[in-house]
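Below, all heavy atoms of this structure are taken into account, side chains as well, without hydrogens, waters or symmetry copies. Note that the structure is a prediction, hence the values are computed from the model and not measured. Chain A is the first sequence line, chain B the second, and so forth, proteins listed ahead of strands; every chain is numbered from 1.
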Amino acid sequence: MIGPRLGSRIAGMGLGAIWAFKLRSFFVVLGVAFGIASLTLIVTAVDGANRKAMEMVEMFGPDAALVFGGNFMKRAVNMRTLTLSREDARRIKESLPGTYQVIPMRARGGQTIKAGNKNYQDVLIIGATANYAEAWNWPLVEGRDITDDDDELGAKVALLGDKPARELFGDESPVGRVIYITNIPFQVVGRLSYRGFSGGGGSDIDNRIIIPLSTLLQRYNLDRKYFRALRVKFHEPDYMDAHTDNLRSLLRHLHNLQPEEDDDFTILTADEILKFLAMFKGGLTIFLGVTATIALLVGGFVLANLFSISVSERAEEIGLKKALGAHNSAILFQFLVEACALTLLGGVLGLFLGLGLGQFLSRLDILVIQFSWKAFFMALAGSQAVGLIFGLKPAKLAADLDPIQALRGEG
Amino acid sequence: MSFPAIHLSGITKSYSHLAEKKNGDDIPDIEVLKGITLDIGQGEFIALQGTSGSGKSTLLHIIGLLDRPTAGVYEVLGQDTSILDDDRQSDLRNQSLGFIFQSFYLIPYATALENVILPGLYSGKPRSELQARAEFLLEQVGLSDRLDFKPSRLSGGQQQRVAMARALLNEPDIILADEPTGQLDSSTSSEIIKLFHVVHEMGRTIVLVTHDEEVASAADRIIKLHDGLIAEDILKG
């Protein structure tokens with residue numbers, strides 16, 4: 001057996017050889033680093049996707065459903081998307097058990113707003129009924145929410161998202177100030193907190209202004225009967241499945257749908273979002289997993305090849321060490337130390353390479369990455385596995401060399 | 001100590017031609033050693049001579065535990081080697097045998113000092129002791145000013161002297177040398193032979209394979225091999 005003193009001495013020899021055969025070391029480190037970089041990228045990207053999924057679900061609320069007009073899954077040609085009416089909203093609120101908030105919404109995108117001498121373009125204007133912030137679990141930093149009175153009176157009041165508030169008022173409080181939305185004056189009554197969530201592709205969730213639904217409909221001359229989406233919140237999120245089934249039945253009944261007809265609306269819940277994200281994440285994991293595995297295998301084969309060549313080249317050294325009394329296990333151990341030290345180096349390099357690449361991709365809004373110790377340990381474990389698995393065969397080759405043949409240089 | 005340093009009795013070594021035998025032809029095994037019986041006493045200086053193919057290298061490898069005989073008894077320092085496993089044989093090589101080769105076999109990326117220490121690293125002795133012993137030995141062979149030199153910066157004679165210091169590091173009883181002067185010019189080789197005399201005078205047993213008569217004449221006893229058998233055993237007076 002190899003004790004600690006002999007072990008550290010052999011390890012020292014291995015490190016000496018790593019330094020002596022720099023070119024071999026360089027290629028092995030590089031080969032392994034690429035594999036570990038992909039592994040790091042996949043782990044951080046999947047964790048990032050997970051975090052994003054959790055954020056989305058958190059934001060959406062586990063106790064809520066969002067109903068859209070039109071059927072997303074079976075979008076027939078010319079199917080109406082404006083199928084939800086105020087009557088639907090009223091009936092749901094009155095008769096669907098377990099609900100405590102029903103908020104219909106419509107939106108107008110790309111509006112220009114103005115305050116004082118400042119302009120800000122391309123804001124999403126959302127019309128909603130009372131308690132918008134509460135319905136979206138979206139705390140206010142100051143001011144108040146939209147109220148029933150606002151909606152009934154068609155009041156010209158606005159709740160600012162973080163982005164337009166900062167664009168127009170900077171660090172000053174917007175509450176009580178007047179903004180112009182396409183030249184109509186609105187009084188700012190509140191400000192939503194910063195959510196900092198970007199849905200990818202540049203859309204910014206904080207870039208929105210909420211006004212009473214009735215005001216939106218009047219000012220933009222929109223159809224008064226129908227709206228685009230309906231936010232429903234329920235007591236007891238544990239029964240979300242039952243809640244959604246009830247909601248679907250009620251809506252089908254209100255829309256006079258026959259059993260053979262498809263829904264003309266779509267119900268979205270946190271569960272559905274999770275399912276969709278899991279599908280997306282699964283694809284990402286498989287794709288990146290295959291890539292990382294191939295990259296690791298390539299690194300492993302580079303190592304195995306270079307080490308086999310190295311064993312032939314260093315046959316004399318191996319034969320000599322055996323003649324001088326090295327046990328076969330000492331030779332095996334030395335080559336494994338060389339392999340694992342190089343893959344460890346490659347692992348560390350790959351970890352930073354992967355994190356750097358991840359940072360770069362997340363700057364470009366292509367990926368969200370999340371660093372964790374898991375990524376760190378997987379990089380280390382992955383590199384050591386490559387070193388042990390792909391280093392074992394050449395190391396055994398070296399250990400099993402016949403000393404006489406080895407001394408003749410016949411590796 | 002009543003036992004000889006090396007006791008060989010009826011040692012044979014054959015190589016089979018497995019590759020050719022596949023054809024079904026009955027090719028007889030090649031017998032390199034055909035029954036060597038030989039005692040080498042402790043402190044003897046032996047020269048092993050013979051033409052190429054006489055089996056002298058094979059015999060030295062068997063004595064050096066780098067190869068196992070096909071049949072026969074080999075005892076080194078009273079120890080029957082046939083019952084030793086690979087690791088015990090390695091330990092015996094490490095502790096009791098010192099090797100000197102024709103082409104030196106120094107590790108090219110290690111310094112002279114590190115090369116000399118190498119067999120000590122496998123022995124488990126403390127580093128400080130090994131370091132002191134290696135420095136002492138390199139001084140003895142006249143290389144105290146070359147401790148940190150890599151082999152590529154040493155002459156052939158200097159390299160062989162480093163190899164001799166390395167062979168002596170673990171204070172082995174037996175030194176085995178395979179054509180130690182084969183790659184050296186005559187003046188350098190006589191310096192090396194002088195060192196062998198010094199090593200001999202310290203009481204070590206030396207077995208030296210050579211085809212050089214002058215080198216052989218340094219030994220007390222010359223054993224000539226021919227065709228796998230001992231042809232002559234000359235003890236000088």
Report yes if the side chains of [X] and [Y] come closer than 4.5 Å at any heavy-atom pair, otherwise no.
| X | Y | value |
| --- | --- | --- |
| B/L66 | A/K322 | no |
| A/W19 | B/Y109 | no |
| A/R9 | B/L130 | yes |
| A/M13 | B/I107 | no |

Side chain, backbone, both or neither: which part of [X] has an atom under 4.5 Å from a heavy atom of chain A?
| X | answer |
| --- | --- |
| B/F99 | side chain |
| B/D86 | side chain |
| B/R166 | side chain |
| B/P126 | both |

Practice problem: Over all heavy atoms of both residues, which pair between B/Y122 and A/G325 is shortest? Give the atoms and the distance, please. | Solution: CB-O, 4.2 Å

Distance in Å, [X] [atom1] paired with [Y] [atom2], rounded so as to fall on 0.5 Å steps:
| X | Y | atom1 | atom2 | value |
| --- | --- | --- | --- | --- |
| A/R5 | B/S123 | CZ | OG | 8.5 Å |
| B/S90 | A/N328 | OG | CG | 6.5 Å |
| B/L121 | A/I10 | CG | CD1 | 9.0 Å |
| B/Y105 | A/E317 | OH | CD | 13.0 Å |

Quiz item: B/N94 side chain to A/L324 main-chain N or O, any donor-acceptor pair under 3.5 Å?
Solution: yes

Exercise. Answer with side chain, backbone, both or neither: which region of A/A330 has an atom nearer than 4.5 Å to a non-hydrogen atom of chain B?
Key: side chain

Exercise. Look at atom CZ of A/F27 and say whether more than 12 heavy atoms of other residues, nucleotides or ligands are closer to it than 6.0 Å.
Key: no

Quiz item: Would the number of heavy atoms belonging to other residues, nucleotides or ligands and lying under 6.0 Å from CZ of A/F34 be above 12?
Solution: no

Quiz item: What do the steps show when you test A/L320 against B/L106 for side chain to side chain contact (heavy atoms under 4.5 Å, CB included), and what is the final call?
Solution: CA-CA 8 Å; A/L320 174 80; B/L106 299 180; over 6 Å; no

Quiz item: Taking every heavy-atom pair that is under 4.5 Å apart, which of B/K125, B/Q95, B/E114 has the most such pairs with chain A?
Solution: B/K125

